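Take a look at the structure below.
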Amino acid sequence: MPELPDLQVFSQNLQKKLAGKKVKKVVIGNAKKLKASANMLKKSLEKQVVKKVYREGKELHFQFGNGDVLGLHLMLKGRLYLFEGKNEQKYTIIELQFDDGTGLALTDFQGQATPTLNPEEREAPDALSTAVNYSFLKKALQTKATIKNLLLDQHVIRGIGNAYADEILWKAGISPFSIANKIPDNKIKSLASAIKSVLKNAEKQIRKSDPDIISGEVRDFLDIHNSKKKSSPTGATIEHAVVGSRKTYYTKEQELYK
DNA sequence: ACGCGTGTTACTGT
DNA sequence: GACAGTAACACGCG
């Protein structure tokens, strides 16, 4: 449920809180979704110092002194908790205990959050990378998929989720039902800049309202994908529909290309 | 109370 | 066969 801007803020806060800590013990609570054996994880991470925490697409990456990287994907309901002493959280997937008596726990009642040891590099660029520009999108949009589904496709661009796809499409003035290869060049340009501005602005809002956040999500400032709002900032009624089995919020201000 | 929400995967359909 | 669309996962929250 947290999307790119949330994860971006989490990663910065985790970097502040965890960098320099040494892992004493790795505890696996639920191995179902592990993308590495429990033993490999323990062997790789125990006695290692956290060097860097950063975001990659929708994953958090923890880089250790030996160069190994622990990737955590929170999926829909994954949550992170810092604890002192004993981890009391239910549904723990994985837990890092540090040698100063603190620890980090990843929980998920749905058991879907996924720890990966040394995640493979992906070809699709991160939504905030400079590679996501007009000419990239021009190529990526040469398909008859609906634009909303395309924005959500992590094999095309990494990091955009359901809520921010709606925000971005509204900002760009493109209907979510538009067919990607029917969108004109000037609108592809709007889309490129909307991706950056919507995501960066969200990051700023989240940091302002919730400076220490490492879990959950902040959504109340969203302009369109927001059940509390009836109309867009420019006064159009917000409509709802299902696209790709996801609830989609949009207004008639957005142009439909079919 | 009870239906909604969320990302990915595996499946279905075109 | 390639590409696009969608149900299911499962349960806390409002």
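Since the structure is predicted, the reported quantities are computational estimates derived from the model, not experimental observations. Values below: all heavy atoms of this structure, side chains included; hydrogens, waters and symmetry mates excluded. Proteins come first, then strands; the chains are lettered A, B, ... in the order of their sequence lines, and each starts at number 1.
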Subject >> Ring geometry between A/H61 and A/Y54 (parallel below 30°, tilted from 30 to 60°, perpendicular above 60°) >> reply: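 A/Y54 vs A/H61 ring planes: perpendicular.
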
**OP:** Describe, in one word, how the ring planes of A/Y250 and A/F177 are oriented to each other, choosing from parallel (under 30°), tilted (30 to 60°) and perpendicular (over 60°).
**Re:**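 Because their plane-to-plane angle is over 60°, the rings of A/Y250 and A/F177 count as perpendicular.
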
Original post:
What does A/H155 touch in the nucleic acid at a heavy-atom separation under 4.0 angstrom: a base, only the sugar-phosphate, or nothing?
Top reply: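 Result for A/H155 = nothing.
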
Original post:
With sugar-phosphate meaning primed atoms plus P, OP1 and OP2, does A/T146 contact a base, only sugar-phosphate, or nothing at under 4.0 Å between heavy atoms?
Top reply: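 A/T146: backbone/sugar contact only, no base atoms under 4.0 Å.
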
Between [X] and [Y] (side chain of the first, backbone of the second, donor and acceptor by atom type, cut-off under 3.5 Å), is there such a pair?
| X | Y | result |
| --- | --- | --- |
| A/N181 | A/L141 | no |
| A/N13 | A/P211 | yes |
| A/N226 | A/D220 | yes |
| A/K189 | A/N133 | no |

Original post:
Are A/Y81 and A/Y91 connected in the hydrophobic side-chain network, where two residues link if heavy atoms are under 4.5 Å apart?
Top reply: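 Hydrophobic grouping puts A/Y81 apart from A/Y91.
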
Atom-pair distance ([atom1] on [X]; [atom2] on [N]), nearest Å:
| X | N | atom1 | atom2 | result |
| --- | --- | --- | --- | --- |
| A/Y164 | B/dT6 | OH | P | 11 Å |
| A/E59 | B/dT8 | CD | C1' | 12 Å |
| A/L76 | B/dC4 | CG | P | 16 Å |
| A/L222 | B/dG5 | CG | P | 14 Å |
| A/K58 | B/dT9 | NZ | C1' | 13 Å |
| A/Q154 | B/dT6 | CD | P | 15 Å |

Original post:
Does a donor on one side chain sit under 3.5 Å from an acceptor on the other, for A/R79 and A/Q89?
Top reply: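 The answer is no; no qualifying pair exists.
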
Original post:
Have A/W170 and A/Q254 got a donor and an acceptor in their side chains that come within less than 3.5 Å?
Top reply: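 No, because no side-chain N or O of A/W170 sits under 3.5 Å from a partner of the opposite role on A/Q254.
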
Original post:
When the P atoms of C/dG12 and B/dT8 are considered, how many whole Å apart are they?
Top reply: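 Looking at atom P only, C/dG12 and B/dT8 are 22 Å apart.
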
**OP:** Considering only heavy atoms of chain A and a distance under 4.0 Å, specify the first and last nucleotide of DNA chain C in 5' to 3' order that meet this criterion.
**Re:**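 In short, chain A contacts DNA chain C from C/dA4 to C/dG12.
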
Subject >> Residue whose nearest DNA chain C nucleotide is more 5′ - A/N149 or A/R246 >> reply: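 Whichever sits nearer the 5' end wins; that is A/N149.
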
Less than 4.0 angstrom between a side-chain N/O of [X] and OP1 or OP2 of [N], yes or no?
| X | N | result |
| --- | --- | --- |
| A/H73 | B/dG7 | no |
| A/K77 | B/dT6 | no |
| A/H225 | B/dT6 | yes |

**OP:** Residues of residues 105-129 of chain A with any non-hydrogen atom less than 4.0 angstrom from an atom of DNA chain C: list those, numerically ordered, please.
**Re:**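 By residue number: A/F109, A/Q110, A/Q112.
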
Original post:
Side-chain contact, heavy-atom cut-off 4.5 Å: A/Q15 with A/K52?
Top reply: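 Yes, at least one pair of side-chain atoms sits under 4.5 Å.
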
**OP:** Kindly indicate whether the side chain of A/L18, heavy atoms from C-beta on, has any atom under 4.5 Å from the side chain of A/L82.
**Re:**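 Of all side-chain heavy-atom pairs linking A/L82 with A/L18, at least one is under 4.5 Å.
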
Original post:
If pairs are Watson-Crick or G-U with both distances under 3.5 Å, what is the dot-bracket string of DNA chain B, marking crossing pairs with [ ] and pairs to another strand with |?
Top reply: .||||.||||||||

**OP:** Map A/L152 and A/S227 onto DNA chain B by nearest heavy atom, then report which one ends up closer to the 5' terminus.
**Re:**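 The residue closer to the strand's 5' end, by nearest nucleotide, is A/S227.
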
Subject >> A/K47 vs A/D99, salt bridge (charged side-chain N to carboxylate O under 4.0 Å, His left out): CA-CA, chis, key distance, verdict >> reply: CA-CA 9 Å; A/K47 301 201 178 76; A/D99 65 1; over 6 Å; no

